[in-house]
J.: 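Provided herewith is a single structure, encoded as structure tokens, for subsequent inquiry.
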Amino acid sequence: MSDITIRRATADDFRRLTRLVRGSRAYRGDYAAMVEGYQVGGSYIEHHPVFVAADGGGDGRVLGFYALLVDGAGAGVGDGDATGAELDLAFVADEAQGLGIGRMLMEHMTEQARAAGLHSVKVVAHPPAEEFYLRTGAVRTGTVPPSGHVHWERPELRYDVA
């Protein structure tokens, strides 16, 4: 595999990120309703810290991405006026799983959060992804009960970054 680079997403990435979310095999079967019709919109990308892992080879394929929601009105990574954040989205393309891209993204995310003066990053995980988050340094803090269109409990975790 070519070199992987992590860069800030742009609004122009919205189609690629949306395809990655909707096509994820982690959201098949009972979980399919979670991503049906889901869009990672351009305005979402512009208003939140969203970073992509891209293949450094000629095509620059997006292999994965993550997005943070930072506490505080309008705060973003780099503002330094918040104590915590939530990992809102984190996906690795099915064909790129097992290559260390997810770990690379979580290391980048914690570095960004630490540099911004954040203390922690909360994760409400997709149940099949819990083990991945634990392996990459998160600790389990509880369980989020079903609500809305989510009909199952979800593990709540936290990365301590301070």
Side-chain angles (χ1 to χ4, degrees), residues 4-9 13 17-18 20-22 24-35 38-41 43-54 62-94 96-162:
I4 306 299
T5 59
I6 297 181
R7 63 168 173 79
R8 184 82 185 241
D13 290 316
L17 302 186
T18 296
L20 205 152
V21 170
R22 288 185 187 175
S24 174
R25 71 174 171 239
Y27 285 89
R28 298 285 194 303
D30 293 340
Y31 299 120
M34 284 290 299
V35 297
Y38 191 86
Q39 285 194 2
V40 182
S43 108
Y44 176 90
I45 294 168
E46 290 175 349
H47 290 97
H48 299 288
V50 180
F51 290 87
V52 301
V62 171
L63 302 173
F65 77 99
Y66 73 86
L68 288 176
L69 300 179
V70 180
D71 292 340
V77 168
D79 292 345
D81 63 351
T83 59
E86 182 171 351
L87 182 66
D88 188 39
L89 298 168
F91 283 84
V92 173
D94 291 344
Q97 291 186 9
L99 302 175
I101 293 165
R103 178 173 295 281
M104 182 185 305
L105 287 167
M106 292 305 96
E107 288 172 358
H108 186 272
M109 180 271 301
T110 56
E111 290 168 10
Q112 291 288 307
R114 186 176 301 111
L118 301 174
H119 297 258
S120 64
V121 176
K122 174 183 165 182
V123 180
V124 177
H126 180 50
E130 178 180 15
E131 194 59 38
F132 164 77
Y133 291 117
L134 293 170
R135 283 193 321 267
T136 58
V139 294
R140 181 144 188 188
T141 58
T143 303
V144 175
S147 66
H149 63 281
V150 179
H151 305 288
W152 53 87
E153 290 186 339
R154 292 173 291 160
E156 183 176 84
L157 304 103
R158 181 186 70 242
Y159 286 95
D160 292 315
V161 298

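Keep in mind it's a predicted model, so treat the numbers as computed, not measured.
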J.: Answer yes or no: is there a donor N or O on one side and an acceptor on the other, between the side chain of E86 and the main chain of L68, under 3.5 Å?
T.: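 Absent.
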J.: Within the 3.5 Å criterion, strictly below it, is a donor on E156 or T141 matched to an acceptor on the partner's side chain?
T.: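 Distance-only check passes for E156 and T141.
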J.: Heavy-atom distance under 4.5 Å between the side chains of F65 and V50, does that happen here?
T.: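 Sidechains of V50 and F65: in contact.
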J.: Taking side chain as C-beta onward, heavy atoms only, is S24 less than 4.5 Å from F91?
T.: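 Yes, close enough: below the 4.5 Å cut-off.
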J.: Under the side-chain contact (heavy atoms from CB on, under 4.5 Å) criterion, do M106 and L87 qualify, and how do the steps go?
T.: CA-CA 10 Å; M106 292 305 96; L87 182 66; 3.9 Å; yes
J.: Is the backbone of M104 close enough, under 3.5 Å, to the side chain of H108 for a donor and an acceptor to pair up by distance?
T.: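 Side chain of H108 to backbone of M104: no pair is present.
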J.: Any idea which heavy atoms bring H48 and R8 closest together, and the distance?
T.: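 Of all heavy-atom pairs spanning H48 and R8, the closest is O-NH2, 3.2 Å.
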J.: Looking only at non-hydrogen atoms, find the nearest pair between A53 and I4 and report the distance.
T.: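 Taking every non-hydrogen atom into account, CB-CG2, 3.9 Å.
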J.: Could you tell me whether the side chain of R7 reaches within less than 4.5 Å of the side chain of V62, counting heavy atoms only?
T.: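 In short, these two side chains touch, coming nearer than 4.5 Å.
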J.: Output a table of donor-acceptor pairs, distance under 3.5 Å, between side-chain atoms of residues 121-133 and any protein atom two or more places apart or on a different chain; print 'none' if there are none.
T.:
| residue | atom | partner | partner atom | Å |
| --- | --- | --- | --- | --- |
| H126 | NE2 | A26 | O | 2.8 |
| E130 | OE1 | R140 | NH1 | 3.4 |
| E130 | OE2 | R140 | NH1 | 2.9 |

J.: Once you round to the nearest 0.5 Å, how far does CD1 of I6 lie from CD of E111?
T.: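 Going from the CD1 atom of I6 to the CD atom of E111 covers 8.0 Å.
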J.: Closest approach of D13 and I45, non-hydrogen atoms and distance?
T.: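 Nearest heavy atoms, D13 then I45: C-CD1, 4.3 Å.
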J.: Test of understanding: with side-chain hydrogen bond (donor to acceptor under 3.5 Å, both in side chains), list the residues that count as partners of D94, not counting sequence neighbours.
T.: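 Residues passing side-chain hydrogen bond (donor to acceptor under 3.5 Å, both in side chains) with D94: none at all.
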J.: So, using side-chain contact (heavy atoms from CB on, under 4.5 Å) as the criterion, who are the partners of H151 when residues are at least two apart?
T.: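 With neighbours one apart ignored, the set is empty.
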J.: At their closest point, which heavy atom of V52 faces which heavy atom of L105, and how far apart are they?
T.: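 Heavy atoms of V52 and L105 come nearest at C-CD2, 4.4 Å.
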J.: Output yes when a side-chain donor or acceptor of R103 lies under 3.5 Å from a complementary backbone atom of L99, and no otherwise.
T.: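 No, because the side chain of R103 does not come within donor-acceptor range (under 3.5 Å) of the backbone of L99.
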J.: Can you name the nearest heavy-atom pair linking P155 to L157, along with the distance?
T.: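 Heavy atoms of P155 and L157 come nearest at O-CD1, 3.9 Å.
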J.: Can a donor-acceptor pair be found, under 3.5 Å and without considering hydrogens, that links the side chain of R22 to the backbone of L17?
T.: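 Checking the backbone N and O of L17 against the side chain of R22, no donor-acceptor pair under 3.5 Å is found.
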J.: How about F51 and M109: do any of their side-chain heavy atoms sit closer than 4.5 Å?
T.: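 A side-chain contact under 4.5 Å is absent here.
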J.: Give me the atom names and distance for the closest heavy-atom approach of V150 to R154.
T.: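 Of all heavy-atom pairs spanning V150 and R154, the closest is CG1-NE, 3.6 Å.
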J.: Please determine whether side-chain contact (heavy atoms from CB on, under 4.5 Å) holds for the pair H119 and D160, giving the CA-CA distance in whole Å, both sets of side-chain angles, and the decisive distance to 0.1 Å.
T.: CA-CA 6 Å; H119 297 258; D160 292 315; over 6 Å; no
J.: When you look at T136 and Y159, which way does the side-chain contact (heavy atoms from CB on, under 4.5 Å) test go after all the steps?
T.: CA-CA 9 Å; T136 58; Y159 286 95; 2.6 Å; yes
J.: Using a distance-only test with no angle check, is there a side-chain donor-acceptor pair under 3.5 angstrom linking Y44 and D88?
T.: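 Side-chain D/A pair, Y44 to D88: present.
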J.: Given side chains that start at C-beta, do those of P49 and V70 come closer than 4.5 Å, heavy atoms only?
T.: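 A side-chain contact exists here, since the closest heavy-atom pair is under 4.5 Å.
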